[in-house]
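Reviewing the structure listed below.
We use all heavy atoms of the structure for the numbers below, so side chains are in, but hydrogens, waters and symmetry mates are not.
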Amino acid sequence: MTAQSPVLVARNDGEHFHFLNNLFTAKVTSEESNGVMSVMEFVGPKNFGPPLHRHDVEDELFYIVDGEVWFSCGDDEGVYETGATVWLPRGRPHTFQIRSDTARVLQVTTPAQFERFVAALGQPADEPVLPEPEEIDGAHVAAVCAEFSIEVLGPPPAPFDEGTPE
């Protein structure tokens, strides 16, 4: 085994992608971690939520840097705020939804590959800014997900209305 080099990345540094109307930034890549993990930071707008899905290869850990996010994994669900950590093991159907105006979340997946998925489905971005919202092609999302052993199981969460009970 070869010794790995440290990876030191400033707040707005890393490779940026516009991905499902969010900004994703690669902080530690598969190559840099020797396949151990991928670390992405994402910023998303209120009501963003991926479709209900299941990862067959990687576990996911989310650290909410800023904002409020609802997570659902089986019978476990709840709204978590700045400073919270959520771990979603592989093989478990899950989804989440941003409940604050925006949220900034650090996402760690192990083993590594998630930044490759983001690059395959997203578009490179020159600046670390949210993209203009555009229509999402669900069939294309499901096809790219399948290439990375992620199975889409249902639709994204319905838009959240602050007057609606949880």
Side-chain angles (χ1 to χ4, degrees), residues 7 9 13-65 67 69-77 80 86-100 102-160:
V7 177
V9 185
D13 288 350
E15 191 172 2
H16 309 294
F17 297 92
H18 288 160
F19 173 81
L20 302 177
N21 294 327
N22 292 275
L23 170 68
F24 269 69
T25 302
K27 296 299 188 175
V28 179
T29 66
S30 301
E31 184 176 286
E32 292 166 330
S33 72
N34 199 25
V36 172
M37 68 179 162
S38 297
V39 180
M40 303 290 290
E41 179 183 59
F42 75 87
V43 177
K46 183 174 186 166
N47 281 322
F48 168 74
L52 180 67
H53 64 283
R54 181 185 70 230
H55 297 255
D56 291 332
V57 173
E58 65 266 329
D59 299 314
E60 293 181 286
L61 181 132
F62 297 86
Y63 177 79
I64 302 171
V65 177
V69 183
W70 169 80
F71 286 90
S72 176
C73 185
D75 292 336
D76 298 311
E77 69 175 83
Y80 297 88
V86 173
W87 178 66
L88 303 174
R90 71 187 82 186
R92 302 280 312 270
H94 63 273
T95 190
F96 61 88
Q97 183 180 59
I98 296 173
R99 295 287 175 92
S100 47
T102 60
R104 179 180 300 270
V105 178
L106 188 70
Q107 177 187 26
V108 179
T109 57
T110 181
Q113 81 162 356
F114 197 78
E115 89 283 355
R116 293 178 186 153
F117 166 65
V118 169
L121 189 55
Q123 298 295 322
D126 294 330
E127 299 292 323
V129 295
L130 278 169
E132 289 295 320
E134 55 185 42
E135 191 73 27
I136 295 173
D137 178 349
H140 177 68
V141 170
V144 175
C145 284
E147 293 174 26
F148 289 87
S149 299
I150 301 169
E151 184 178 2
V152 174
L153 302 168
F160 172 69

Mind listing the closest non-hydrogen atom pair of D59 and R90 along with its distance? OD1-N, 2.6 Å
Do L23 and P128 come within less than 4.5 Å of each other through their side chains, counting heavy atoms only? yes
side-chain hydrogen bond (donor to acceptor under 3.5 Å, both in side chains) between S38 and Q113: does it pass, once the steps are laid out? CA-CA 6 Å; S38 297; Q113 81 162 356; over 6 Å; no
List the steps, then state whether side-chain contact (heavy atoms from CB on, under 4.5 Å) holds for L61 with V86. CA-CA 6 Å; L61 181 132; V86 173; over 6 Å; no
Between K46 and S100, the two heavy atoms sitting closest are CB-O, 3.1 Å
Between F148 and R116, is there a side-chain heavy-atom distance shorter than 4.5 Å? yes
Does the side chain of V141 come within less than 4.5 Å of L20's, by heavy atoms? yes
Checking side-chain hydrogen bond (donor to acceptor under 3.5 Å, both in side chains) for the pair E41/Q107: CA distance, chi angles, key distance, verdict? CA-CA 6 Å; E41 179 183 59; Q107 177 187 26; over 6 Å; no
Whether the S30 and E115 side chains hold a donor-acceptor pair (N or O, under 3.5 Å, no angle test) is what I'd like checked. yes
Run the ring-ring contact (aromatic ring centres under 6.0 Å, His included) test on F96 and F71 for me, step by step, so that the C-alpha distance in whole Å, both residues' side-chain angles and the decisive distance to 0.1 Å come before the verdict. CA-CA 4 Å; F96 61 88; F71 286 90; 5.6 Å; yes
Considering only NZ, NE, NH1 and NH2 on the basic side and carboxylate oxygens on the acidic side, decide whether R54 and E151 come within less than 4.0 Å. yes
Tightest non-hydrogen contact, residues F114 and T109, listed as CB-OG1, 3.2 Å
D137 side chain vs A139 backbone, donor-acceptor pair below 3.5 Å: yes
Any V39 side-chain heavy atom under 4.5 Å of L106 side chain: yes
Here the pair of heavy atoms bringing N21 nearest to P45 is O-CD, 3.6 Å
Interatomic distance, OG@S149 vs NE2@H55, rounded to 0.5 Å, equals 11.0 Å
V28/M40 under side-chain contact (heavy atoms from CB on, under 4.5 Å): CA gap, chis, key distance, verdict: CA-CA 7 Å; V28 179; M40 303 290 290; over 6 Å; no
Between I64 and Y80 the two heavy atoms that sit nearest each other are CD1-O, 3.3 Å
Looking at side-chain heavy atoms only, is the closest gap between H18 and E132 below 4.5 Å? no
Between K27 and D13, is there a donor-acceptor pair closer than 3.5 Å when you use the side chain of the first and the backbone of the second? yes
Student check: side-chain heavy atoms of R99 and V69 closer than 4.5 Å: no
With side-chain contact (heavy atoms from CB on, under 4.5 Å) as the criterion, how do Q97 and F160 come out once you've worked through the C-alpha distance, each side chain's angles and the decisive distance to 0.1 Å? CA-CA 8 Å; Q97 183 180 59; F160 172 69; 3.4 Å; yes
With side-chain contact (heavy atoms from CB on, under 4.5 Å) as the criterion, how do E127 and H16 come out once you've worked through the C-alpha distance, each side chain's angles and the decisive distance to 0.1 Å? CA-CA 7 Å; E127 299 292 323; H16 309 294; over 6 Å; no
Could you tell me which non-hydrogen atom of R92 sits nearest to which non-hydrogen atom of C73, and how far apart they are? CB-SG, 3.6 Å
Any side-chain heavy atom of E58 sitting closer than 4.5 Å to one from I150? yes
Are W70 and T95 close enough that some pair of their side-chain heavy atoms sits under 4.5 Å apart? yes
Tell me whether the rings of F62 and F42 are parallel (<30°), tilted (30 to 60°) or perpendicular (>60°). perpendicular
F117-F19 aromatic ring centre distance below 6.0 Å: yes
What's the spacing between R104 CZ and I98 CD1 if we round to 0.5 Å? 11.0 Å
